[in-house]
Structures are given as C-alpha cells and as structure tokens.
A.B. asks: 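Encoded as structure tokens, here's the structure I'll be asking about.
Note that ligands are numbered from 1 as they come in the structure, with each ligand's atoms numbered from 1 the same way.
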Amino acid sequence: MNFQKICVIGLGYIGLPTASTFAAHGIKVLGVDINSQIIETINQGKIHIHEPGLLEEVQKAVQSGNFKAATKPEEADAFIIAVPTPFQANQFGEYNGLTYKLADMRAVTSAAESIVPFLKKGNLVVLESTSPPRTTVDLVAPILARSGLVAGRDFHLAYSPERVLPGQIMRELIENARVIGGVTPESAQAGSDLYATFVKGQIIQTDATTAEMVKLMENTYRDVNIAIANEFSRLADKFGVDVWEAISLANLHPRVKILNPGPGVGGHCISVDPWFFVESAPELTPLIYHARKVNDAQPHFVVKLVQRALGSLNGKRIAALGLAYKPDVDDLRESPANEVVEILGHEGAQVKAWEPFKPDANMPGIDMASSLEDALKDADAIVLLVKHTEFSKLNPVEIAKKTKARIVIDTVNGWNKEAWKNAGFTLFHLGDGKSFIIHPSHLPRTASAG
Ligand code: SAJ
C-alpha cells in the first residue's frame, strides 16, 4: 500500500516522535492534539517535551513543509492513534474482596470518534496506545463502524505496540523490532507497509489481540520479576543475609537471572500495564495482581528500613538523593523515590531532596535542595534512592567533609559498604540483613537495659 498523507492523533512522548519521523521520511503528516498550545508550539518548530534529538527532527519536519499540527484530523491515507491510557482516578474494580485499578480509555475513544467523519474506503487505522486485550476489535472497530465502513472489509485496522525506551526514543523508533497485529492479514500487511517507511528493525505481522498481549506481557514479565527481587530483599533482611550477594551468587546459575530490588517500580508503563490484564480477567491473574501489590508496597518497606537504621524518624533530618523514577532520567512522575520521601515526611522526618536531573522541580509537599551540598549540610542521615551514575561516583571521604550525618541508607546498591565504612559511615543496604546484625544499636536489648 502507498501512503502520501497520514494523521497522527496524540502528540505526546510517542505521537510526536512518530509523526516527525514519518515527515522526515517524505510523508505528509498532520499531527493532531486537543491541546491548542501544543499545536502552536509545534507549528513554530518547537517542542513541549524533553527527548534527545526530537527538537531537531521536528524543526526539520516543519521546515520541509511535510509536518503540520492541528486540533482536528483531515482526510488521509492512514490514521495513527497514540494517545495516553492512564488509570481512572476514582474508580476501582473489585474481585473477591480485592480492588484493582481500571484503565481510562476516554482518550482512545475520542481519538477514534474524531476519525469517523474522515474515514474512507481503503484507509488504514493503527492503534499504538497501550491498551487492555481486545481493545482494537471490541472498542475501536465498533466506533469506526459508525462511518458505515467495516474494519477488515472496507478499511484496514491494526494494533502496533510501542516499545521505545524514554531517552532513546528517536533511535529505538527506527531500530527496534516492530510487531503489527491486523484484524485481518491484509490489515497487518498494510500496517507493515506503513512502518517500513522508516523502521529498520524486523517487522513482524500477527493478529491485533496478540500484538496487544505482547506489549502487556513484556512489561508484566518485568514487573513480576522485579517483585520477586523485592520479596527476596525482605527475606534476606529477615534472615541476616545480604540480598545483593545472594542474587549475584544465584545468577551464576545458567538459567537464573534475578533482577534488582529497589525502592519500588515507577514510570508510566511497568507500574501501569499489568493492571490492564488484571482488569480484563481478575479471576485469572492472582500472580500479576500480587506482584503489583508487592512493588507498590516497597516504598513502605524502605521507610521501615530507614526507621530501623535511625531508631526513630521523628524530627530527623534526612538528605534524600534522587527523585527520578529510574537512573539517569529526568522523569519524576510515578516515582517510588517521591513516595519514600513523602512517607518519611508523614512519619515525622524533615527531608531535603536533591535531584540533579531536575534541580528546579516543583514537587508538591517535597522540600527540594538547591544542590547536593544544600541537601547534606544539616542532615542526620543520607538516603540514596536512585542509582544515578553521578551518585554512584561520589567519594565517601569527600561526602564526610560536607555533612555531620554518619548513617547512610542505600536502597539501590549504589555504594560500596567498605569504602563508606572506612570513611566513617555506617551504611545500611536495602535487603542486607547483615548490616543490622553488626550494628550495635540493633543488638538484642539485655534485661538490665530495659
Ligand atoms: N526497576 C527495578 N529493578 C530492576 C529494573 C527496573 O526496580 O531490576 C525499576 C526502575 O527503577 C523503574 C521501573 O522498574 O522504577 C521501570 O523501569 P524500567 O527501566 O524497567 O522500564 P521503563 O518503564 O523505563 O520502560 C519499559 C520498557 N519495557 C521493558 O523493558 C519490558 C520499555 O522497553 C518500554 O517501551 C516501556 O516500558 C513502555 O513504554 O512500555
């Protein structure tokens, strides 16, 4: 199939890179978003999100005349839907007394509705938004049928999941393998023809529901595996074992690859997508449900660890290092580090947080430090929450000069226990029961000591 003009609906982290990459490869692209400010920004050749390489691509695309943005779609050969699918804020599902989160599909619904007046015979529609299984056939196809045209007979309809990693989107968009699931084999072929415009990775055709499941399975697999690592950290803590040592030894087995425990699972993908399976079939997903619960509870486990290390949290001044949802990114949304800081505050600690990737962030309820020194200055303890490369490189001897704090809680295995001990610190690692056994304040109390 030949594509002269396409409409990309939703100009966020996925839609804008996708739209500008198509335009840079010679296709006329109309980018559509409900936010008129975003439209204005893009038509001026500027961008509203941070992603390396995106600004250059958008500027090139706008200057070439191939890329325009508007608030409404127009007739085109193909339509791509790349809108957010967050949680519903106040509605939860319930099964056997267990509550679970529900996907908010309103943006997908209205994007599909906006296409209806412009849909023509022979068009292609592709859904890219991460969605519960069967969304393409059960939600999108019936909406598009309001045009009088039938998916798979009069026009092509496909689902193609996005699997790019934030920070590397522009490269991964082109190089990653791409799965295209059609409601018919012809729809999958049409989708392949479209993405072959720029995708250099393998393009694999399947059916729409398989493609939806593939995306959810990838992120659920990772979530469940992080949950078991987090549960191992709790067991090791209880049994006086260092979980990091135990994991590295278990991983010597040729068929074992345990992931890293940490303060929890953040971001908008891995902590969200498994719920789409749970919502679609709560009776079939006890493992996925409980893995989510384990990871969601991990910030509370970290707070208990800090409390044990300090004896009490009340009035303690804590320097929290890192607020991003994972190392070396500037994205602070859905971050377990934020949650740890908030809970520490509720428990009576005075926390000052330092995030070098977003020093000016305005986080409600969080006292942001203006520098590492500012965070450390009056601290009683240091808590490492994100393994940013620049934190891993900190020299404990230098840190000792900047703070009176001598207790350090490392939740990500970023620091070497011996080096910090030699510099005069007592360092507690998450999941390291050994550090508590040797710490004098945690020896069992004698009867005389009360
Ligand atoms: N994390 C751990 N332990 C680990 C690995 C990660 O606690 O061993 C935590 C991180 O700190 C972070 C969270 O998990 O809080 C998620 O980070 P991540 O790097 O695992 O994943 P994301 O959310 O940045 O991106 C994922 C990727 N999916 C997979 O690796 C299967 C990416 O390829 C997807 O495109 C993206 O989700 C998405 O958009 O769905």
Side-chain angles (χ1 to χ4, degrees), residues 10 12-15 17-18 49 51 82-86 103 128-132 159-173 175-179 201 211-234 243-244 247-248 250-251 256-277 288 291-292 294-299 301-302 322-340 355 357 384-389 391-392 410-414 430-431:
Y13 278 92
I14 299 300
T18 303
I49 50 181
E51 179 62 34
V83 295
T85 48
E128 283 200 13
S129 312
T130 305
S131 301
Y159 180 82
S160 182
E162 193 46 73
R163 296 131 107 201
V164 289
L165 202 66
Q168 303 185 27
I169 292 180
M170 301 314 288
R171 184 178 59 76
E172 290 205 354
L173 207 54
E175 290 177 5
N176 283 5
R178 184 119 207 171
V179 176
E212 290 165 348
M213 260 194 88
V214 166
K215 167 72 189 192
L216 298 178
M217 282 163 57
E218 290 166 354
N219 283 353
T220 301
Y221 169 85
R222 197 155 167 86
D223 196 44
V224 170
N225 279 283
I226 298 169
I228 201 161
N230 283 336
E231 212 157 82
F232 287 153
S233 77
R234 301 174 193 181
V243 76
W244 304 96
I247 288 175
S248 69
N251 281 350
V256 174
K257 177 77 190 81
I258 301 168
L259 294 178
N260 296 317
V265 170
H268 340 283
C269 308
I270 297 201
S271 64
V272 176
D273 301 355
W275 288 115
F276 293 178
F277 273 143
I288 298 171
R292 275 281 69 247
V294 168
N295 287 336
D296 274 355
Q298 191 72 352
F301 179 71
V302 166
L323 285 179
Y325 86 92
K326 69 175 189 177
D328 299 331
V329 299
D330 69 348
D331 194 342
L332 313 191
R333 295 169 299 168
E334 313 284 346
S335 162
N338 282 340
E339 208 180 328
V340 169
E355 176 43 73
F357 281 82
L384 177 63
L385 292 170
V386 185
K387 201 173 175 177
H388 289 319
T389 308
F391 289 157
S392 300
D410 173 359
T411 67
V412 290
N413 197 27
L430 167 79

A.B. asks: Quick one: does any side-chain atom of Ser335 pair with a main-chain N or O of Leu323 as donor and acceptor, under 3.5 Å?
C.D. replies: yes

A.B. asks: Under 4.0 angstrom from ligand 1, any heavy atom of Gly266?
C.D. replies: yes

A.B. asks: Are any of the side-chain heavy atoms of His268 and Asp331 separated by less than 4.5 Å?
C.D. replies: yes

A.B. asks: Give the atoms of ligand 1, by number and element, whose distance to some non-hydrogen atom of Tyr325 is under 4.0 Å.
C.D. replies: 10 (C), 11 (O), 12 (C), 15 (O), 22 (P), 23 (O), 24 (O)

A.B. asks: Could you tell me whether some N/O pair between Val164 and ligand 1 is separated by less than 3.5 angstrom?
C.D. replies: yes

A.B. asks: If you measure every N/O of Val265 against every N/O of ligand 1, is any gap under 3.5 Å?
C.D. replies: no

A.B. asks: So does Glu218 pair up with Arg163, basic N to acidic O under 4.0 Å?
C.D. replies: yes

A.B. asks: Does some non-hydrogen atom of Cys269 fall short of 4.0 Å from ligand 1?
C.D. replies: yes

A.B. asks: Tell me, please, whether Tyr325 has Arg333 positioned over its six-membered ring: NZ or CZ under 6.0 Å from the ring centre and within 45 degrees of its axis?
C.D. replies: no

A.B. asks: Around Leu165, counting heavy atoms of other residues, nucleotides and ligands shown, do more than 12 lie under 6.0 Å from its CG?
C.D. replies: yes

A.B. asks: Are Lys215 and ligand 1 in contact, using a heavy-atom cut-off of under 4.0 Å?
C.D. replies: yes

A.B. asks: Which of the listed options, Val329, Leu165, Thr220, Val386, holds the heavy atom that is closest to atom 32 (C) of ligand 1?
C.D. replies: Leu165

A.B. asks: Under 3.5 Å between any N/O of Glu218 and any N/O of ligand 1: does that happen in this structure?
C.D. replies: no

A.B. asks: So, Glu128 side chain and Tyr159 main chain: donor-acceptor pair closer than 3.5 Å or not?
C.D. replies: no

A.B. asks: Just to be sure I read this right, does ligand 1 sit under 4.0 Å from the backbone of Ile226, its side chain, both, or neither, counting only heavy atoms?
C.D. replies: side chain

A.B. asks: Under the 3.5 angstrom rule, does the side chain of Asp328 hit a backbone N or O of Thr389 as a donor-acceptor pair?
C.D. replies: yes

A.B. asks: Please identify which atoms of ligand 1 are closer than 4.0 Å to at least one heavy atom of Gly264.
C.D. replies: 7 (O), 15 (O)

